[in-house]
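Contents: one structure, followed by commentary.
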Amino acid sequence: MGTIPHERAALVTGAGSGIGKAVAERFLDISDWDAVAEAAAAAPPLDAVVNCAAIAHLTPINEMSRDDWDRTLAINLNGAFYVSRWLYPQLKEAQGVLVHIASVNSKNTTRFRSPYNASKAGLVALTQALAVEWGLEESGIRVFAVSPGITRTQQAWMRVEAGKITEEALLGRVPTHRWIEPQEVANAVVALVGGDFSALHGANVMLDAGYDAWGGHF
């Protein structure tokens, strides 16, 4: 649990490291339907829920196990649905904002991360569905996704450490040739949750230093 301006209540999943930790500083196992339901039942009205929980495996498609695929989808996509579904009452009561942290890989995929890519594309689609359905029923809840580019997190570094790509080649996919820092993503989320962006609903905001505009290619 963290706070956003004016001491409103926010809940951040995946807050143990990387972007989730940075968001939590500014402001549970989500793959289990019953566990999320139980945690949600005890939650107060929430002005913001930021879903950052995600994992990624570096495995070629033809070498990937069923468990690797299922686990990634369970956390990255199923978990996002569970959080959305069970925290709806708390968000509605507070007229809050639901933010899903997606990825540029929802559009521009990379090798050896097929379940991650697929789950993030699904997460963007889920975000749009929630925004339309909850908007039409006049819930008062805003929903949007933020898709960071190459962010200096453990997941990004593991590709370099595994010898799958060099740091130079990785940043060579970004026209500005730079990392995005987790704190930058956190700053953006906190700002976008605020009232100055009250029209932001159903969108996927690319925070990627130009990665998507270039297609992630040379």
Side-chain angles (χ1 to χ4, degrees), residues 1-4 10-27 30 48-60 68 71-72 75-77 79-80 83 99-124 127 144-194 197 203-218:
M1 183 79 68
T3 58
I4 55 178
L11 186 148
V12 181
T13 72
S17 63
I19 293 170
K21 182 178 181 180
V23 171
E25 287 174 350
R26 282 294 309 272
F27 262 5
I30 70 164
V49 172
V50 185
N51 176 48
C52 300
I55 61 171
H57 291 282
L58 282 172
T59 310
D68 285 346
R71 183 62 175 162
T72 303
I75 292 175
N76 297 8
L77 186 53
V83 167
V99 185
H100 288 305
I101 302 300
S103 169
V104 289
N105 290 148
S106 64
K107 289 182 60 180
N108 297 286
T109 63
T110 55
R111 292 188 302 163
F112 311 130
R113 301 210 300 176
S114 57
Y116 180 84
N117 299 336
S119 66
K120 292 300 186 178
L123 183 56
V124 171
T127 298
F144 62 88
V146 173
S147 284
I150 299 175
T151 308
R152 201 190 301 269
T153 64
Q154 183 179 358
Q155 286 194 5
W157 268 112
M158 73 180 183
R159 284 181 284 170
V160 177
E161 293 173 345
K164 303 296 184 182
I165 193 170
T166 65
E167 181 180 8
E168 181 180 359
L170 187 65
L171 296 183
R173 296 174 175 176
V174 185
T176 52
H177 202 76
R178 54 156 291 192
W179 287 96
I180 296 168
E181 301 299 334
Q183 188 63 45
E184 293 181 282
V185 181
N187 292 343
V189 169
V190 171
L192 294 172
V193 163
F197 294 89
N204 179 26
V205 179
M206 292 288 183
L207 192 71
D208 62 356
Y211 184 104
D212 179 63
W214 205 15
H217 303 294
F218 294 103

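All residue numbers refer to positions in the sequence shown, counting from 1.
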Listed partners of Arg71 passing side chain to side chain contact (heavy atoms under 4.5 Å, CB included), at least two apart: Asp29, Ser31, Ile55, Ile75
Which residues share a side chain to side chain contact (heavy atoms under 4.5 Å, CB included) with Ala156, sequence neighbours left out: Thr153, Arg159, Trp179
Are any side-chain N or O atoms of [X] and backbone N or O atoms of [Y], one a donor and one an acceptor, separated by less than 3.5 Å?
{"X": "Thr176", "Y": "Ala209", "answer": "yes"}
{"X": "His100", "Y": "Ala145", "answer": "no"}
{"X": "Thr151", "Y": "Gly149", "answer": "yes"}
{"X": "Thr109", "Y": "Asn117", "answer": "no"}
{"X": "Lys120", "Y": "Ile101", "answer": "yes"}

Set of residues satisfying side-chain hydrogen bond (donor to acceptor under 3.5 Å, both in side chains) with respect to Ser106, sequence neighbours excluded: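 For Ser106, no residue satisfies side-chain hydrogen bond (donor to acceptor under 3.5 Å, both in side chains) once neighbours in sequence are set aside.
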Partners meeting side-chain hydrogen bond (donor to acceptor under 3.5 Å, both in side chains) with Asn76 (sequence neighbours left out):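 Residues passing side-chain hydrogen bond (donor to acceptor under 3.5 Å, both in side chains) with Asn76: Ser119.
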Side-chain heavy-atom pair Leu207, Val185 within 4.5 angstrom cut-off: yes
pair Val99-Val193: side-chain heavy atoms closer than 4.5 Å: yes
Sequence-distant partners of Glu181, salt bridge (Lys or Arg N to Asp or Glu O under 4.0 Å), two or more places apart: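 Here the qualifying residues are Arg152.
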Those residues that, when tested against Arg178, pass salt bridge (Lys or Arg N to Asp or Glu O under 4.0 Å) (two or more places apart):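 Scan of Arg178 (salt bridge (Lys or Arg N to Asp or Glu O under 4.0 Å), adjacent residues dropped) gives Glu184.
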Atom pair CD (Glu161) and CD (Glu167), whose distance is rounded to the nearest 0.5 Å: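 Between atom CD of Glu161 and atom CD of Glu167 there are 11.0 Å.
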Minimum-distance pair of heavy atoms, taken over all atoms of Gly122 and Leu77: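 Smallest heavy-atom distance, with atoms named: C-CD1, 3.6 Å.
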